[in-house]
Chemist: 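Here you go, one structure.
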Amino acid sequence: GAGVSQSPRYKVAKRGQDVALRCDPISGHVSLFWYQQALGQGPEFLTYFQNEAQLDKSGLPSDRFFAERPEGSVSTLKIQRTQQEDSAVYLCASSLEVLNTEAFFGQGTRLTVV
Amino acid sequence: AQKITQTQPGMFVQEKEAVTLDCTYDTSDPSYGLFWYKQPSSGEMIFLIYQGSYDQQNATEGRYSLNFQKARKSANLVISASQLGDSAMYFCAIRAGRDDKIIFGKGTRLHILP
């Protein structure tokens with residue numbers, strides 16, 4: 001596909017359940033970003049990859065959150081023992097490794113923890 | 001660390017009027033890029049315009065222009081001749097260097113009135 005693809009689009013998880021969110025970036029995009037967006041708020045940075053290297057994970061809210069991009073393409077954001085406050089839209093974006101180019105976003109995964 | 005401040009939570013503007021959305025930023029890096037995104041109620045993030053820190057001229061893209069005042073660390077978005085379809089959330093963002101993450105502001109919700 002031509003754009004960033006995220007799956008699933010919607011996920012309902014019971015509190016305490018583990019979830020895995022997938023992001024397929026645009027082919028050739030070196031940079032990959034994960035954001036968490038609460039309703040009516042701006043995207044909050046979670047973590048950032050350049051190829052397979054996780055350069056910044058300062059935004060991950062707790063050690064229950066883990067992200068990987070083992071082959072420098074597809075990335076997975078994993079949340080262990082989900083809690084209600086994890087309910088949000090999780091956005092993935094990718095870009096070229098060039099400053100003056102925008103990041104392209106996926107449609108997001110809406111996670112609801114019940 | 002980079003920071004974006006958007007001080008207008010919401011704005012109401014009459015159709016066909018011009019509108020300015022405020023954005024101030026903070027970074028210690030001399031090389032950075034500033035972005036504006038639009039997020040309609042459908043949730044997709046749409047890139048609007050980019051301004052580089054070394055660009056001599058203000059960026060323009062159709063009805064969108066960026067009023068870049070470097071000394072004041074200001075990057076306001078100007079939308080000319082507003083349309084009903086401009087109603088959405090608008091986010092300002094900064095990327096300080098190609099090896100860095102993109103940080104977003106909290107956004108401004110723009111309502112265009114018929």
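Numbers restart at 1 for each chain; the letters A, B, ... are given by sequence-line order, proteins then strands. Basis for what follows: all heavy atoms, side chains included, without hydrogens, waters or symmetry-related copies.
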Chemist: With a 4.5 Å cut-off on heavy-atom pairs, point out which of B:Q39, B:Q51, B:E44 contacts chain A the most.
Modeler: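 Top count of heavy-atom pairs under 4.5 Å with chain A: B:Q39.
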Chemist: Among A:S58, A:P43, A:A93, A:S95, which residue forms the greatest number of heavy-atom pairs with chain B at distances under 4.5 Å?
Modeler: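 Max contact count across the listed options: A:P43.
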Chemist: Taking atom NZ of B:K70 as the centre, report whether more than 12 heavy atoms of other residues, nucleotides or ligands fall under 6.0 Å from it.
Modeler: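 Above 12, so yes.
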Chemist: If you count heavy-atom pairs under 4.5 Å between each of A:A103, A:G59, A:G108, A:G40 and chain B, which one has the most?
Modeler: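 Highest number of heavy-atom pairs under 4.5 Å: A:A103.
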Chemist: Compute both the distance and the angle, then confirm whether B:K101 meets the cation-pi test with A:F45: under 6.0 Å from the six-membered ring centre, within 45 degrees of the axis.
Modeler: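 Yes, a cation-pi geometry.
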Chemist: Please check if atom CZ in A:R9 has more than 12 non-hydrogen atoms from other residues, nucleotides or ligands closer than 6.0 Å.
Modeler: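 Atom CZ in A:R9 is crowded, with more than 12 foreign heavy atoms closer than 6.0 Å.
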Chemist: Measuring heavy-atom distances to chain A, does B:Q6 have an atom under 4.5 Å in its side chain, in its backbone, in both, or in neither?
Modeler: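 Neither the backbone nor the side chain of B:Q6 comes within 4.5 Å of chain A.
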Chemist: Salt bridge (charged side-chain N to carboxylate O under 4.0 Å, His left out), that's the test. Do A:D18 and A:K78 meet it? Break it down for me.
Modeler: CA-CA 7 Å; A:D18 297 349; A:K78 297 178 180 179; over 6 Å; no
